[in-house]
Amino acid sequence: MVTYKHDTIVPFKDSGLTKKQQVAEMFDRIAFRYDFLNRFLSAGIDVYWRKRAIRELLEINPQLILDVATGTADMPVMMIKYLKPKKIIGIDISDGMLDIGTKKINKLKLDNQVELQKGDSEAINFPDNSFDAITVAYGVRNFEHLEKGLQEMLRVLKPTGKLIVLEFSQPKNYFFKRLCDLYFKFITPGVGRLISKNKDAYQYLNKSVKAFPEGNDFIDILKKTGYADPYYKALSLGICTIYCAGK
């Protein structure tokens with residue numbers, strides 16, 4: 001199995017843990033401030049990006065959805081609102097994020113429609129051809145083995161289903177790219193340290209975004225792992241990208 005550059009980027013460089021274990025620990029540490037920092041650091045535009053990604057599923061009207069790397073369940077909450085499926089299952093490797101997500105789901109009284117459980121993208125505990133749609137928002141960079149995670153999601157996707165991946169990317173405009181580089185390199189870790197007492201997570205964000213195979217490179221990986229008719233849409237001058245594919 002191919003190892004990509006971002007597969008080797010880890011949150012804590014001096015740790016002896018695997019990337020998967022480090023990612024889970026990192027999100028456990030920042031879970032209590034994760035939602036606030038997302039809104040604050042993106043000036044709320046992350047909500048718009050999620051809406052745009054969800055819109056790609058309207059045409060297939062999915063009734064059973066799997067949200068991988070669900071975190072604090074932002075995607076399931078929004079998908080219930082805009083897609084009105086019968087059921088959404090969210091999986092994540094971080095207990096801390098799932099705890100926050102469960103509280104959110106219970107507070108919104110969505111526990112009959114949304115189920116959160118601990119789960120690994122590389123070993124999804126569901127039968128083949130289970131889901132009408134699979135979503136991953138800002139999670140594929142964190143997979144320890146990208147191709148393995150993609151193949152496992154393809155396995156549990158129905159033949160008529162659709163994969164939606166939302167991920168950070170690097171703007172193509174030189175000046176905007178430089179501005180974003182400075183923001184991710186200095187502002188994001190600084191704010192992360194002040195508010196969540198953890199700058200490593202936000203330094204990892206910058207490094208993993210730079211190393212991730214984006215655009216046509218990621219499309220080629222989707223094709224290689226068996227997905228059909230993949231395409232992508234750049235958002236906000238390319239700082240974020242939606243990737244879509246069928247089975």
Side-chain angles (χ1 to χ4, degrees), residues 1-7 9 23 38 42 45-62 65-71 74-76 78-79 82-83 85 88 90-92 121-122 124 131-173 177 180 184 205-247:
M1 186 169 294
V2 176
T3 297
Y4 296 94
K5 185 178 178 181
H6 81 283
D7 288 337
I9 304 293
V23 166
N38 266 1
S42 72
I45 200 170
D46 66 303
V47 176
Y48 164 73
W49 292 336
R50 291 173 196 271
K51 287 180 183 177
R52 283 291 305 272
I54 291 168
R55 192 184 302 172
E56 297 294 322
L57 292 175
L58 285 171
E59 63 180 3
I60 67 167
N61 189 30
I65 302 173
L66 176 68
D67 186 46
V68 175
T70 194
D74 270 353
M75 282 295 282
M78 293 182 71
M79 286 191 286
Y82 294 108
L83 299 176
I88 299 175
I91 62 172
D92 203 283
S121 64
E122 297 178 16
I124 299 174
F131 296 96
D132 300 308
I134 299 176
T135 56
V136 194
Y138 315 113
V140 290
R141 280 180 299 105
N142 300 323
F143 291 2
E144 188 165 17
H145 304 101
L146 178 60
E147 287 189 8
K148 188 174 181 181
L150 292 173
Q151 289 167 351
E152 186 67 351
M153 291 190 294
L154 182 65
R155 179 185 67 79
V156 299
L157 186 65
K158 289 181 180 180
T160 55
K162 190 171 186 179
L163 171 74
I164 303 292
V165 173
L166 184 63
E167 192 52 84
F168 288 111
S169 47
Q170 299 186 76
K172 300 301 179 282
N173 179 278
K177 182 179 184 299
C180 288
F184 278 116
L205 168 65
N206 179 45
K207 293 176 182 177
S208 59
V209 168
K210 284 181 175 295
F212 187 73
E214 62 182 63
N216 287 323
D217 290 336
F218 189 62
I219 292 295
D220 288 341
I221 295 169
L222 287 171
K223 291 178 180 177
K224 179 184 176 184
T225 49
Y227 287 90
D229 304 316
Y231 63 93
Y232 72 90
K233 296 182 179 181
L235 305 175
S236 302
L237 297 176
I239 196 172
C240 188
T241 302
I242 303 169
Y243 301 93
C244 308
K247 184 165 182 175

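If you're wondering where the values come from, they're calculated on a predicted model, not measured in any experiment.
- Pairs passing the salt bridge (charged side-chain N to carboxylate O under 4.0 Å, His left out) check and including a residue from residues 227-247, sequence neighbours excluded, read Glu56-Lys233.
- Residues Leu237 and Asn173 fail the side-chain proximity criterion, which asks for heavy atoms closer than 4.5 Å.
- In Lys158, the NZ atom is crowded: over 12 heavy atoms of neighbouring residues, nucleotides or ligands sit closer than 6.0 Å.
- Residue Pro76 is tested with Leu66, Thr70, Ile65 for a side-chain contact (heavy atoms from CB on, under 4.5 Å); the sole match is Thr70.
- How far CZ of Arg141 is from CG of Asp7: 12.5 Å, rounded to the nearest 0.5 Å.
- Residue pairs meeting the ring-ring contact (aromatic ring centres under 6.0 Å, His included) criterion with at least one partner in residues 136-165, sequence neighbours excluded, are Tyr138-Phe168.
- The nearest pair of heavy atoms linking Ala133 to Leu57 is CB-CD2, 3.8 Å.
- Minimum heavy-atom separation, Ala234 to Thr241: CA-OG1, 4.3 Å.
- Here the side chains of Leu163 and Leu154 are not in contact, with every heavy-atom distance at 4.5 Å or above.
- When side chains are defined from C-beta on, Ile60 does not count as touching Thr160, because their heavy atoms never get closer than 4.5 Å.
- Atoms CD1 and CE, from Ile54 and Met78 in turn, are 4.5 Å apart once rounded to the nearest 0.5 Å.
- Ile9 is not listed as a side-chain neighbour of Phe212, based on a closest heavy-atom distance of 4.5 Å or more.
- Going from atom CD1 of Ile164 over to atom CE of Met79 covers 10.0 Å, rounded to the nearest 0.5 Å.
- Contact between Tyr232 and Gly215 at its shortest, heavy atoms only, is CE2-C, 3.8 Å.
- Put simply, the side chain of Tyr243 never gets that close to the backbone of Glu167: no donor and acceptor are under 3.5 Å apart.
- At most 12 non-hydrogen atoms from other residues, nucleotides or ligands lie less than 6.0 angstrom from NZ of Lys5.
- Taking CG of Leu150 as the start and CG of Leu157 as the end, the distance is 11.5 Å to the nearest 0.5 Å.
- Within the 3.5 Å criterion, the main-chain N or O of Lys148 finds no donor-acceptor partner in the side chain of Glu122.
- Using a 4.5 Å heavy-atom cutoff, the side chains of Leu166 and Cys240 are in contact.
- Side-chain contact between His6 and Pro213 is present, with at least one heavy-atom pair separated by less than 4.5 Å.
- Residues Cys244 and Lys162 approach most closely at CB-CE, 3.9 Å, considering heavy atoms.
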Could you list the donor-acceptor pairs under 3.5 angstrom formed between side-chain atoms of residues 216-224 and any protein atom two or more places apart in sequence or on another chain?
residue: Lys224; atom: NZ; partner: Glu147; partner atom: OE2; Å: 2.9

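- The side-chain heavy atoms of Val136 and Met153, taken from C-beta on, include a pair separated by under 4.5 Å.
- At a threshold of 4.5 Å between non-hydrogen side-chain atoms, the residues Leu235 and Arg52 count as touching.
- Annotation: the span from Asp67 atom CG to Ile91 atom CD1 amounts to 8.5 Å, rounded to 0.5 Å.
- Residues Pro85 and Pro62 share a closest heavy-atom pair of CB-O, 3.3 Å.
- Heavy atoms only, all atoms of each residue included: Ser121 and Val68 are closest at CB-CG1, 3.7 Å.
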